[in-house]
Structure formats: C-alpha cells, structure tokens
Amino acid sequence: SLIDNVIYYDYTFINKSANTYSSFRAGIHADMDLGYAFDDFIGFDSAHRMGIQYNGTNDDGGSAGHPTNSYGSVPPMVGISLVSLPGDAGTNYVPAGSFVYYNNDFSNIGNPTTDTNCSNYMRSMLRDGTHLTNDFSGPGVQSQGYGSGPNCNYVYTGDPGDKSQWSECACNNNPGDRRFIISSNDFTLSPGGSQHMLMALIAVDSTGGCPQTSFEKIKIAADTAWAMYAHVVEAVPNLPAQIAAFIYPNPAHDKLYFDAGSSANEGSINVYNVLGQMMNTPIHKSGNQYMLDISQFPCGFYNVLYRTSTTQQAYEFVKE
C-alpha cells in the first residue's frame, strides 16, 4: 500500500504573546542523504507543493564503489509535500512560498549559518539575498538556479522524465550532496491566534535515477497522502467500541472472518481502504460469523466498518 510509505508531520503555531506577527513563514530544511549522499539531484512538483530528492545516476554509490547503505541499481526517490498550509480553503490551495536547494559547503548557495541565511532561503533567495532565477536554456546545458534568467520562487520545476523541462537531469548537472528548503507563503499570527501546517514525508522504491527516472510514481504516492488526509476520517468513523465482535486472522491473505456475536442479526458490514473508498467485497454470513473474500485486494491496511441500528465500530486489518 502506498500509504505505508507516508509519514505525516502535523504542526500548530500558536501566538501566546500580545504582539501581531506578520510575514511569518514556516518551512523545513531537508538533508535526505538518499543512500550514498554525494550523487543526488533535487526537483520540485508545484501541484503537490513537493520538494523531491532523487539519484543523479541510475547506480547509487557506484562512483564510490557502492559503500555501505548505498542502494546500487534502481534507487528509490523521496519527497516532502506541504499537504496543508495557512491560507488553504477547501479545495482552493495556496502555492508554496519557496523551494530552494543548497550544497554541503559554505558558498553563497551552501549551508545556512545565520538566521538571515535561513530567512533568505525561505524567501527564494541565496544566502546573501540574491534572488533565484530560472536559468534553464535547454537540455544538456548545466543550470544552477541563479545568475541569468527571470526571477523565480522555485528551482528545477520540471519532470526529469521529460528532457524538454527544467530539471537537473535534463541539464546534465553534476550530482552532489544536495539539501533543500521548502516553505509556506507569508501568513499572520495574531495575538492568541494559531495557524496549522501539515507536511508528508513520501518515499517510493525502484524509481531509478537520472536518466531512467520520472516523478510519475512519487506523484501517485503524493495523491494518496493528500487524499487520505482529506477523506479517511470522514469515510470511516471510529466510535467508542460498544459491540462484542472480533476479526481474524490478522494479517489475512485470502479470507477474513468477522464474528459479530449477538448483534449479527441486526448488523451490516463494509470494508474501506485507507482513502475511505468502499471495497467491492464478496461477503458470506453463517450464524454470527461473516466471511469476507479479500483475495483480490492489494496488500495494505483496511477497515471493516460494522453498523447496527444504534452504533458503529471500525476494525483495522492488514491484507498480506
């Protein structure tokens, strides 16, 4: 299940002072070290407000003789998606504020060492306040994301699977120990007020590196992370247990049994995936016991939702 590769980070910013703070930003510094740390690329997917780290070659650590913890051929990919930001309203999502990379050195695009350096990086600038630029001039021409070209808020916004788009892979950049900072836009914290921000760390395996890779798989995983956050609580309510029932085996492979006890004659049963979608499940009842055929389910986590006229309860199980 793709959701097994997602970790949520949920933050609430509370202003307990008497001051109003405007132009407030929140973001995250990411030093992924994807296997062997010194052959990585970064990229940005604006649709999912997601910074992505992927391998600069299709053989992670190959240039260093495959040291311990390198992935070798067909390496994975990892990203951080800003799932919920201050300013979002329903399905109207504000854009990310900034996406900028920095290198593991102390150049003008190197490690931040002061609060001003950090603030600049969170506002689409280099350490000294120089603004990011889109310097993409075509495939095979190296790009550093500053210097020539128009100002921009995000670097390497193209998919490496399309060599006509602005990516480190298309530009034939030199891989390295990349870090990135992705941030929200400015928002206001009023006295006593609060703002909410939720991020998701997303990993997908067997995606490959440049030039045999694209963002297709990690975008699908990001869709899953966003959809679960938005819908699963509504779709599968979990009320305090009032039904003497149990499921077995758990984990299950082909068949799952649900024993509803004395409430079996008045209850109904449905199965939902982690996105809150009801599964098409053959169910057979014998006495107080239901047998569910889950042989066609993809592997992952599911919920059995059992309802009676007075209550309902969700029971989680794993399909192997």
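The figures here come from the full heavy-atom set of this structure, side chains too, leaving out hydrogens, waters and symmetry mates.
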>> Suppose we call two aromatic rings close when their centres sit under 6.0 Å apart. Are Phe38 and Tyr36 close by that rule?
In response: yes
> Between Asp205 and Lys217, is the closest basic N to carboxylate O distance under 4.0 Å?
Replying inline: yes
>> Quick one, Asn134 and Trp166 - any side-chain contact, counting heavy atoms below 4.5 Å?
In response: yes
> What are the two closest heavy atoms between Ala225 and Val6, and how far apart are they?
Replying inline: CB-CG1, 3.9 Å
>> Please find the pair of heavy atoms, one from Tyr102 and one from Pro112, that lie closest to each other, and give the distance.
In response: CE1-CD, 3.5 Å
> How would you list all residue pairs meeting salt bridge (charged side-chain N to carboxylate O under 4.0 Å, His left out) that involve residues 129-142, not counting sequence neighbours?
Replying inline: none
> Does any pair with a residue in residues 83-111 pass salt bridge (charged side-chain N to carboxylate O under 4.0 Å, His left out), and if so which ones, sequence neighbours excluded?
Replying inline: Arg49-Asp88
>> Under 6.0 Å between ring centres: does that hold for Phe180 and Tyr101?
In response: no
>> Is there a side-chain contact between Pro175 and Asp40 in this structure, where contact means two heavy atoms from C-beta onward sitting under 4.5 Å apart?
In response: no
> With no hydrogens and no angle check, do the side chains of His196 and Asp10 hold a donor and an acceptor under 3.5 Å apart?
Replying inline: yes
>> Assess the residue pair His48 and Asp223 against the criterion (side chain to side chain donor-acceptor pair (under 3.5 Å)); give the C-alpha distance rounded to whole Å, side-chain angles, the decisive distance to 0.1 Å, and a yes or no.
In response: CA-CA 8 Å; His48 296 96; Asp223 283 339; 2.6 Å; yes
> What are the two closest non-hydrogen atoms of Gly43 and Phe99, and how far apart are they?
Replying inline: O-CZ, 3.4 Å
> So, Phe44 versus Tyr156, ring centres under 6.0 angstrom or not?
Replying inline: no
> Looking at Pro160, Pro75, Ser214, Pro76, which one forms a side-chain contact (heavy atoms from CB on, under 4.5 Å) with Tyr54?
Replying inline: Pro160
>> Less than 3.5 Å apart, any donor N or O on the side chain of Asp59 or Thr57 sitting next to an acceptor on the other?
In response: no
